[in-house]
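All values reported here derive from a predicted model rather than from experimental measurement.
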Amino acid sequence: MAHRPRPSRERALRQIERHAFEVGPALPARRLTPVEQQLLDGTASVVTDIEPLATTLHQVAPAVDEYRLRTR
């Protein structure tokens, strides 16, 4: 392999053109196993359950550019 100290724009464009015809995944998507489906459903339920807590935390948390000195 030749040494290329800097990336070549032309080489990158040729590579993009070479692979431009490839659309989508090479293999069809496989069905999820029951364990994977259960994990996916559980993750979705956790996200929906934690959303109200996250909004509360955003209201209580200081702004990004604000510094609060602990009083304890």
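Think of L39 as one node in a network of Ile, Leu, Val, Met, Phe, Trp and Tyr side chains linked at under 4.5 Å; it has no links at all. In this structure, V47 stands alone, with no Ile, Leu, Val, Met, Phe, Trp or Tyr side-chain heavy atom under 4.5 Å from its own, directly or through other members. As a member of the Ile/Leu/Val/Met/Phe/Trp/Tyr network built from side-chain separations under 4.5 Å, V46 groups with nothing else and remains a singleton.
The environment of L40 atom CG is dense: over 12 non-hydrogen atoms of other residues, nucleotides or ligands sit within 6.0 angstrom.
Sorted by first and then second residue, the side-chain hydrogen bond (donor to acceptor under 3.5 Å, both in side chains) pairs with a member in residues 30-41 read R30-E36, T33-E36, Q37-D41; sequence neighbours excluded.
In this structure, the side chain to side chain contact (heavy atoms under 4.5 Å, CB included) partners of L13, at least two apart in sequence or on a different chain, are R9. Contacts of E10 classified as side chain to side chain contact (heavy atoms under 4.5 Å, CB included), with partners at least two apart in sequence or in another chain: S8, R14.
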